[in-house]
Amino acid sequence: MFRANLVATVLRRRRNLIFIYFLALTLFMYLIAATFPTVNQAGAEFMEALPPSIKNLVGDANLPFASLPGYLGLGLSHPLILVLFSAFIISSATQAVAGEIDRRTADLILSRPISRAYVLASHLLVTLAGLFLLALATWLGVVLGVFLGHIEPDLGRTALASLGLFALFFAVTGYSYAISALTSDAARSNGLAAGLTALFFFMHFIGNLWDRAEFLLPFTIFNYYTPGATLEGFVSPAENMVLLFTVGLILVAASFTFLDRRDIN
Amino acid sequence: MSVIVTRGLTKQYGAKTALRDLNLEIDEGIIFGFLGANGAGKTTLIRLLLGLIRPTAGKAWVMGKEVRQTDPGLRRRIGYLPGELRLYEDMRGSEALRFLGRFYDVADTSIRDHLLDVLELPPSALRAPVKKYSRGMKQKLGIIQALQHDPDLLIMDEPTEGLDPLIQRNFYEVLRDWRERGKTVFMSSHNLTEVEKVCERVGIIRQGRLVADERVEDLQGKLLHHVEVVFEQPIAEGTLEIPGVDVVFRNGRRADLKVRGDLNPLLAVLAHLNVADLSVQRASLEDIFLEFYREETA
């Protein structure tokens with residue numbers, strides 16, 4: 001039977017952060033929604049005039065940024081969103097193993113009559129619940145914009161775009177947990193996971209900017225996150241999501257194996 | 001019945017061997033003291049017994065079950081106090097005890113309440129966050145969390161670190177009570193006086209090797225004696241040059257000797273001399289411990 005003791009404790013530690021991020025993301029997406037009607041033509045023209053490589057970074061070069069779906073897609077790819085999600089996932093994963101070992105509380109918890117898998121699963125449950133809430137917040141921000149009469153987007157497609165965000169960061173969860181399960185130092189775990197995320201983002205950036213680096217694109221998770229195209233209905237995101245979820249699942253499974261086989265020093 | 005058994009237990013970290021070929025058997029219902037200098041391998045053995053690390057070679061059994069990292073059932077019967085105790089600083093004392101105790105499904109809090117009383121940790125202290133605790137208070141909390149589920153085997157790494165002498169005395173009483181109830185205590189310590197006071201058996205580890213494993217009295221009696229001899233008249237130079245006998249101090253008719261091992265060669269020599277007074281004392285555990293480490297420091 002899965003006991004909630006550890007889950008409740010981890011949740012209590014993370015709840016303030018989740019709550020603050022939830023509010024920040026809801027507010028941010030609401031602001032995106034609320035500013036759309038007032039974005040002047042010049043702003044839209046400016047966005048349209050950007051080179052395709054830059055436009056690719058925020059979704060798709062073919063997207064009309066002056067349109068509502070394009071504009072919302074821009075919001076969902078905004079660095080603020082990516083940074084907040086990354087910070088939450090990476091810090092949560094680090095707390096799960098490397099943080100416990102670094103703080104020397106791992107001895108205490110792993111000497112209880114519980115398995116290592118239980119410890120990891122408890123942390124993972126809270127991380128995924130938090131990730132779900134943060135993804136939900138991005139959708140709720142848009143819903144709030146609809147409710148207050150600013151915009152009228154397709155809420156189904158908006159939910160799909162938010163689900164895409166969940167899938168992207170599920171993949172980040174996978175490698176962040178795997179790194180945490182292999183390391184004993186919180187700073188190292190945070191640094192490696194953040195560095196890998198930055199590397200994937202850079203690969204996405206350079207792959208879009210430079211033809212000769214285009215071969216990098218299939219190898220970065222950001223290539224499979226296309227909120228603007230999803231909102232426009234240009235693509236069905238199912239394939240991309242399946243790929244991101246598969247990557248995440250494989251790495252989460254690997255993190256259970258890594259933790260089970262390692263020494264707690 | 002043996003509560004802890006190890007056979008050829010070895011742990012290597014890269015080129016460094018932290019524990020080598022350790023064979024140990026600890027019976028039920030005793031307090032076993034595990035002594036060694038820093039880095040000798042005490043904590044490595046404890047971590048191996050708890051399944052926190054895997055042996056490079058050999059095996060360990062605790063309460064008849066082979067220690068495996070994945071066997072949480074075994075840990076239900078173990079209470080553990082880590083050496084460098086770190087608690088969840090954001091919790092209150094009472095929360096930490098509740099959190100750590102809930103994993104054992106023990107609803108009865110009588111042991112916890114008794115220990116809070118004996119170790120003098122008042123309810124007001126339990127309401128404070130752990131981060132505000134002194135070293136001693138944290139150690140008390142650590143001891144209580146290790147004992148509160150009434151384990152059959154207690155594994156404690158330096159249990160009295162940070163405790164004041166009065167609380168230490170109460171803690172020794174707790175350990176004796178525990179033993180009287182048929183429970184087993186395995187404790188590592190730097191405090192040799194403490195081990196001498198509470199442990200029946202002692203193991204001494206040096207550079208990862210077990211160099212002694214005996215009853216405390218046997219170890220004290222067998223290995224080292226302090227002998228004071230007063231002669232009727234001054235003795236000739238070289239009279240006391242006997243293998244295994246060190247002359248610590250000699251002044252006219254009086255000699256203080258340290259005898260390693262068998263006393264008989266000395267007694268045979270003394271039998272031919274006019275002895276006015278003779279006093280033989282077993283060495284303290286500290287002397288024995290230092291003796292074992294003498295070669296290393298020489």
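Everything numeric here is computed off the predicted structure, so don't read it as measured data. Within every chain, numbering begins at 1; the chains are lettered A, B, ... in the order of the sequence lines, protein sequences first and strands thereafter.
Using modelled atom types, no side-chain atom of A:Ser180 and backbone atom of A:Ser176 make a donor-acceptor pair closer than 3.5 Å.
Only the side chain of A:Thr9 has a heavy atom closer than 4.5 Å to any heavy atom of chain B. Contact annotation for B:Arg47: only side-chain heavy atoms (C-beta onward) come within less than 4.5 Å of a heavy atom of chain A. Proximity to chain A (any heavy atom under 4.5 Å) is shown, for B:Gln145, by both the backbone and the side chain. In this structure, chain A has a heavy atom under 4.5 Å from the side chain of B:Leu85, while its backbone stays farther away.
For residues 105-161 of chain B, every residue pair satisfying the ring-ring contact (aromatic ring centres under 6.0 Å, His included) rule, not counting sequence neighbours, is listed here: B:Tyr104-B:His149. Evaluation of the salt bridge (Lys or Arg N to Asp or Glu O under 4.0 Å) test over residues 89-106 of chain A, restricted to residues two or more places apart or in two chains, returns A:Glu100-A:Arg103, A:Arg104-B:Glu84.
Applying the ring pair (Phe, Tyr, Trp, His ring centres under 6.0 Å) rule to A:Tyr224 yields no partners; only residues at least two apart in sequence or on another chain are considered.
The two residues A:Tyr177 and A:Ala96 make their nearest non-hydrogen contact at CE2-CB, 3.6 Å. Minimum interatomic distance between B:Leu35 and B:Ser189 (heavy atoms only, all atoms of both residues): CD2-O, 3.3 Å.
Between A:Phe166 and A:Phe245, the angle of the ring planes lies from 30° to 60°, which puts this pair in the tilted group.
Using non-hydrogen atoms only and a strict 4.5 Å limit, no part of residues 24-32 of chain B faces chain A.
Between A:Phe200 and A:Tyr225, the ring center distance fails the sub-6.0 Å criterion.
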